[in-house]
2 protein chains.
Amino acid sequence: MGSQVTLAQVAERAGVSLATASRVVNGSERVVGARFRERVLAAAEELGYTANTFAQAVARGRSDVVGLVVPDIQDPYFSVIAAAAMAVVEPSGEMMLGTTLRRQEQELRYVSTMRARQARAVIMVGSRTTDNTHTRQLAEAIAEFVAGGGRAVVIGQDKLGADTVLPLNRAGAKDLALALVDQGHRSFGILAGPSTLLTAKDRVDGFIDGLARRGRRPSVILHSDFTRDGGYQAMSQLLDRRTTPGCVFAVNDVMAIGAMAAVRERGVKIAVAGFDDIPTLRDVAPSLTTVRLPLEDMGRMAASMAMDEPGERRRVIRVKGEVILRDSTTLVRNA
Amino acid sequence: MGSQVTLAQVAERAGVSLATASRVVNGSERVVGARFRERVLAAAEELGYTANTFAQAVARGRSDVVGLVVPDIQDPYFSVIAAAAMAVVEPSGEMMLGTTLRRQEQELRYVSTMRARQARAVIMVGSRTTDNTHTRQLAEAIAEFVAGGGRAVVIGQDKLGADTVLPLNRAGAKDLALALVDQGHRSFGILAGPSTLLTAKDRVDGFIDGLARRGRRPSVILHSDFTRDGGYQAMSQLLDRRTTPGCVFAVNDVMAIGAMAAVRERGVKIAVAGFDDIPTLRDVAPSLTTVRLPLEDMGRMAASMAMDEPGERRRVIRVKGEVILRDSTTLVRNA
DNA sequence: GTAGGCTGGGAAAGCGGTTTCCACCTAGTA
DNA sequence: TACTAGGTGGAAACCGCTTTCCCAGCCTAC
């Protein structure tokens, strides 16, 4: 029926002032006497009162909204992180979701939206690019957001001056390369993702570095989108070449999955490795060799930092990846 | 820097009243003279003004927040719908995400949260259960939400009195059964999901109905969670039995994927079919027979209804599923 | 020439809360 | 007993913005 029950109605019904009602219903420093407290609670209960969080946000000058900005909620990498972050935020806050569809300028837009909302925090899961102008603008926007009393946490970018959860992409990719060579692989290709994406670049560099330690180098490096379809296309392109490497590293799992689809389609035999260890991998066959990142932990950590009181100095949590060798790179003993 | 620029500051700088400034920065009925308009816009620009959406929501008595409530954002079924809905909402609204972790009472909580927020709309993606008490409570909460001026759209439940996008589960499953029998399958098992979930039940019933039309019936029906792991467990259990059917219908794709994992693990040969046609299926091998639901369309339609002006009468959009036969149920010519 | 209608600006009253004061009452202390 | 301190309730200011009035000036019409 009617519209929203207001605090004023509760106060009236309980026969107390607005101030008292407010103190009871949404706890404050001030203690309210038991008699009054009960009356207010009863009234609130009877009327089915729920606080208007907007009004609270305006009055308090802050809100409990946490903005989560991801490139694509359908990508398992991001949805795992989102789900984990959600679990942390949910008990005491609310989550506003923004997806950039992998367009950088959207990141900027969301940060200012969040500032306008006086969001308590914003968590950005993104990837640093070679576009320094954008990085600088984003860093500025984040600085403003923080100056305005918000908390900013970034996953995967390290140049934004915010609290950060940073996967050690380079080291992980290097370890992977070492492991693959030690497994007996001899020729390598890299599906390198977008050339503008530094996350991808770090992984490529790390991989090349690892190969170099064993006196090898990739015979081919192809760029494409950072998505399943990007992996598929790049691998198809690679398979069109005269000679193909025996082992291909795709810089993330979704690309690797796309690459495997291309491989399967052509009925060729080629080893594929990915990066991230998204849960989806449990069900791809052959099982995919990858570098495991603790995605859930990353989401949780980011959200925890976001919910913390701001004020302390910048924190950077580095998470390292663990090489997981599986069937997709198992070398058949022959030839 | 410092904190937020307020409209009052803009007005002062432009040398106009608050009212005029307000009218300029977010267009109202009232026209503002060109001279003043320019001055205000310039001032807003210089100061980097962004409207405080909370304050706007309080003043206007409504907001542009659309709440999206899903059981699990990691499940591809929901993330596809979420992404599609997001694309529709994003240009003119903001999306608040709620995940229930498949716990019903959470649905209720979110609906009232959204009411408190005076959200413009709430989109619930859920599934009707046998818990009539809950269904009734939810319907009441939704009715209140709507009475308060909000718009409610539900995907997959038909008893809530809200605008609805309703997959024809029963018909789809029936068609699937017919197709499978016609393909030559003779003995069937069903991984039926939770017995309390009516979506699952509808699919089971439809499938049984289809079989019946061909004079057959399932030899075994097992219940489990509606998740990948649920499918895995149920299939494992099924495979432990003395005799196993030649073809198993899992009531959704993620369960089917889990089931296939179990099948693969044991190295047995058994046909598996799912329901939904989530995008993930592109990369499972063997490719999975399923009933395709236009998930993106469903998300878009729901979001469109949510963004519409409320007021017209209840709309129910039924979407039907299309049987897609793939390798997982291809019968090898032998025996 | 003047009444009546537009136009467009500003003052101020909300919107639903929170929070700062201030007042009052009851103890506690010397 | 007088005075102070602490605890607790209420009035009112305030958060940032929208919107209703009110009013001044100007144009048109008779």
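Fair warning: this is a prediction, and the values are worked out from it, not measured in the lab. The chains referred to below are lettered A, B, ... by the order of the sequence lines, with proteins before strands, and numbering in each begins at 1.
The minimum heavy-atom distance between A:Tyr49 and A:Asn52, with the atom names listed, is OH-N, 4.4 Å. The two atoms that bring B:Ala121 and B:Ala306 nearest to each other are CB-O, 3.5 Å, heavy atoms only.
Atom CZ in A:Phe54 sits about 23 Å away from atom P in C:dG14, given to the nearest Å. Rounded to a whole Å, the CG atom of A:Leu7 is 16 Å from the C1' atom of C:dG14. Atom pair A:Gln118:CD and C:dT18:C1' shows a separation of 14 Å (rounding to whole Å applied). Atom P of nucleotide C:dC15 and atom CD of A:Gln9 are separated by 11 Å, given to the nearest angstrom.
Ion pairing between a basic and an acidic side chain is recognised when a charged N comes within 4.0 Å of a carboxylate O; B:Asp64 and B:Arg120 show such pairing. Here A:Arg151 pairs with A:Asp163 in a salt bridge; the nearest charged N to carboxylate O distance falls below 4.0 Å. Ion pairing between B:Arg136 and B:Asp131 fails under the 4.0 Å rule for side-chain N and carboxylate O. Under a 4.0 Å N-O distance rule, the pair B:Arg315/B:Asp308 qualifies as a salt bridge.
Out of D:dT18, D:dC15, C:dT18, the shortest distance to the side chain of A:Arg60 is found at C:dT18. When distances run from any side-chain atom of B:Val31 to the nucleotides D:dG10, C:dG8, D:dT18, the shortest one goes to C:dG8. The side chain of B:Tyr49 lies closest to D:dC17 when the candidates are D:dC15, C:dG9, D:dC17. Closest contact between the side chain of A:Thr20 and the listed nucleotides D:dG10, C:dG9, D:dG16 involves D:dG10. The side chain of A:Ala19 sits closest to C:dT19 out of C:dT19, D:dC17, C:dT18. Taking only side-chain atoms of A:Phe36, from C-beta outward, the nucleotide of C:dC15, D:dC15, D:dG9 with the closest atom is D:dG9.
A sub-4.0 Å separation between OP1 or OP2 of C:dA11 and a side-chain N or O of B:Ser17 is absent. Between B:Gln56 and D:dT18, a side-chain N or O to OP1/OP2 separation shorter than 4.0 Å is present. The phosphate of C:dT18 has OP1 or OP2 within less than 4.0 Å of a side-chain N or O from A:Asn26. The phosphate of D:dT18 has OP1 or OP2 within less than 4.0 Å of a side-chain N or O from B:Ser22.
At the heavy-atom level, A:Val58 lies under 4.0 Å from base atoms of the strands shown. Here B:Gly33 lies in heavy-atom contact (under 4.0 Å) with sugar-phosphate atoms only.
Helical stems in DNA chain D, defined as runs of 3 or more consecutive Watson-Crick or G-U wobble pairs with donor-acceptor distances under 3.5 Å: C:1-30 with D:1-30.
Between the side chains of A:Thr129 and A:Gln104, at least one donor N or O sits under 3.5 Å from an acceptor N or O.
The residue among B:Ala34 and B:Ala59 whose nearest nucleotide of DNA chain C is located toward the 5' end is B:Ala34.
Scanning atom types as modelled, no donor and acceptor separated by under 3.5 angstrom connect the side chain of A:Arg23 and the base of C:dG17.
Considering only heavy atoms from C-beta on, A:Ser22 comes within 4.5 Å of A:Leu7 through its side chain.
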